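For the single chain, residues carry numbers from 1 onward in sequence order. If you're wondering where the values come from, they're calculated on a predicted model, not measured in any experiment. Whatever order the structure lists them in is the order used to number ligands and atoms, beginning at 1.
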Amino acid sequence: MKKTAIITGAANGIGKAVAALYASKGFQTVLADIDSENGEKLQASLKQKNLDALFVRCDVSDPESIDHLVKTAKDQFGRIDVLINNAGISDFAPPDELTVEDWDRVLNTNLRSSFLLTRAAIQLMKENGGGSVVNIASTRALMSEKNSEAYAASKGGLLALTHSMAVSYSGENITINCISPGWIHTGDYEKLRDIDNSQHLSGRVGKPEDIARACLFLTQPENNFINGENLVIDGGMTRKMIYEH
Ligand code: NAP
């Protein structure tokens, strides 16, 4: 029986690499994104390689759109085994200028979405004896630059949501983990400067595939002793003292 993985924000960037990896590993891959044009392009390119992919337009900030996504996955594939809550937006503004609408938009897209989609997907996971969820947070859950309040709060909330839901759904053979990426370059890697790469302990900026491989690892059933955890993948940047001398 083929397994099914839902990846949100799959049309671009990190989500696209995650979706491509799951599809290449034989998963029925549900590509959920608000960007129909790139979502459909990815679906076509995966299908051309004889891989299973279904694009579903979904605005994760809209609860009805989330229900539609889960229903479509159920109708099409009958099961959900893996959920990667990756879709996210970052709107930086000085705290004195951040509107309530902007705050709500970031929190509803980055945080509420993961709660609602995880809760809905787990109902189906339970029917097939279990499953795995990965929330994509950020190292900005742990440290900050100026003017990142809404984004940082949404990502910090994801860390807490991860362990609280892992506890609530324990005993159901469900793992819920979190990945906190650092700088993952989703544009032209060749355009990075030497200093961009050399400042990392690993000597390079991250790539979407770095996150994709970790998602796959965390969602493999034999790795189910890792649960409620936050895995930082940032080339060591949050381990580096930055006091200026
Ligand atoms: P990205 O390139 O902007 O891709 C995000 C995808 O999500 C886009 O296709 C975007 O569509 C879609 N999206 C936006 N709002 C949505 C919504 N309401 N419903 C459904 N889909 C929506 O971002 P990324 O850099 O790959 O980041 C992916 C995740 O990793 C995010 O959660 C981000 O916070 C996190 N992250 C990224 C980095 C990094 O350095 N790249 C670092 C730490 C954490 P549109 O393009 O049409 O908006």
Are D104 and E101 close enough that some pair of their side-chain heavy atoms sits under 4.5 Å apart?
no

Where is the nearest protein heavy atom to atom 46 (O) of ligand 1: which residue, which atom, and how far?
N12 ND2, 3.6 Å

Output for pair (T109 OG1, D62 CG), nearest 0.5 Å, gives 10.0 Å

Do me a favour and list the nearest non-hydrogen protein atom to atom 20 (C) of ligand 1 with residue, atom name and distance?
C58 O, 3.0 Å

Ranked by distance from atom 37 (C) of ligand 1, the top protein heavy atom is I14 CD1, 3.7 Å

Between K155 and ligand 1, which part of the residue brings a heavy atom under 4.0 Å of the ligand: side chain, backbone, both or neither?
side chain

Would you indicate whether the side-chain heavy atoms of L54 and T29 approach each other to under 4.5 Å?
no

Decide whether the shortest distance between a heavy atom of I136 and an atom of ligand 1 is less than 4.0 Å.
yes

Which is it for I34 and ligand 1 at heavy atoms under 4.0 Å: side chain, backbone, both or neither?
both

Considering heavy atoms of the protein only, find what lies nearest to atom 34 (O) of ligand 1 and give residue, atom and distance to 0.1 Å.
Y151 OH, 2.5 Å

Is the closest heavy atom of A137 to ligand 1 under 4.0 Å?
yes

Which of these, G88, A141, G15, has its nearest heavy atom closest to atom 5 (C) of ligand 1?
G88

Side chain or backbone, does T186 bring an N or O within less than 3.5 Å of an N or O on ligand 1?
no

Check whether any side-chain heavy atom of Y169 sits under 4.5 Å from a side-chain heavy atom of R119, and report yes or no.
yes

With sequence neighbours left out, what residues match D210 under salt bridge (charged side-chain N to carboxylate O under 4.0 Å, His left out)?
R204, R213

Taking the six-membered ring for Trp, are H200 and W183 parallel (under 30°), tilted (30 to 60°) or perpendicular (over 60°)?
tilted

With no hydrogens and no angle check, do the side chains of N85 and T118 hold a donor and an acceptor under 3.5 Å apart?
yes

Should you measure from each heavy atom of A87, which atoms of ligand 1 turn up under 4.0 Å away?
21 (N), 22 (C), 32 (O)

Atoms of ligand 1 close to G182 [distance to a heavy atom under 4.0 angstrom, numbered from 1]:
38 (C), 39 (C), 40 (O), 42 (C), 43 (C)

Starting from atom 32 (O) of ligand 1, what is the nearest protein heavy atom, named by residue and atom, and what distance separates them?
N86 O, 2.7 Å

Counting heavy atoms not belonging to E190, are there more than 12 under 6.0 Å from its CD?
no

Evaluate T109 for polar contact with ligand 1, using N/O atom pairs at a separation under 3.5 Å.
no

Find all atoms of ligand 1 within a distance of less than 4.0 Å from any non-hydrogen atom belonging to D35, and give their numbers and elements.
11 (O), 47 (O)

Taking the side chain as every heavy atom from C-beta outward, state whether T186 and N12 have any atom pair closer than 4.5 Å.
no

Counting only nitrogen or oxygen atoms and a 3.5 angstrom limit, does W183 reach ligand 1?
no

Does the protein put a heavy atom less than 4.0 Å from atom 18 (N) of ligand 1?
yes

Of the protein's non-hydrogen atoms, which lies at the shortest distance from atom 41 (N) of ligand 1, and what is that distance?
I184 O, 3.1 Å

Location of contacts on S180 toward ligand 1, heavy atoms closer than 4.0 Å
neither

Should we say atom CG of D75 is surrounded by more than 12 heavy atoms from elsewhere, each under 6.0 Å from it?
yes

Would a 4.5 Å heavy-atom cut-off, applied to side chains only, mark I136 and I84 as touching?
yes

Which segment of T139 sits under 4.0 Å of ligand 1 when only heavy atoms are counted:
neither

Provide the number and element of each atom of ligand 1 under 4.0 Å from a heavy atom of D59.
17 (C), 18 (N), 19 (N)

Both conditions, 6.0 Å and 45 degrees, for the charged tip of K2 above the ring of F77: are they met here?
no

Can a protein heavy atom be found under 4.0 Å away from atom 30 (O) of ligand 1?
yes

Considering only NZ, NE, NH1 and NH2 on the basic side and carboxylate oxygens on the acidic side, decide whether K71 and D67 come within less than 4.0 Å.
no

For atom 14 (C) of ligand 1, what's the nearest protein heavy-atom neighbour? Residue, atom name and distance, please.
I89 CG2, 3.9 Å

Please say whether S138 places an N or O atom under 3.5 Å from an N or O atom belonging to ligand 1.
no

Determine whether N177 and N135 make a side-chain contact, defined as any pair of heavy atoms from C-beta on separated by less than 4.5 Å.
no

Specify the protein heavy atom at minimum distance from atom 2 (O) of ligand 1: its residue, its atom name, and the distance to 0.1 Å.
G13 CA, 3.7 Å

Would you indicate whether K155, at its atom NZ, is surrounded by more than 12 heavy atoms from other residues, nucleotides or ligands within a distance under 6.0 Å?
yes

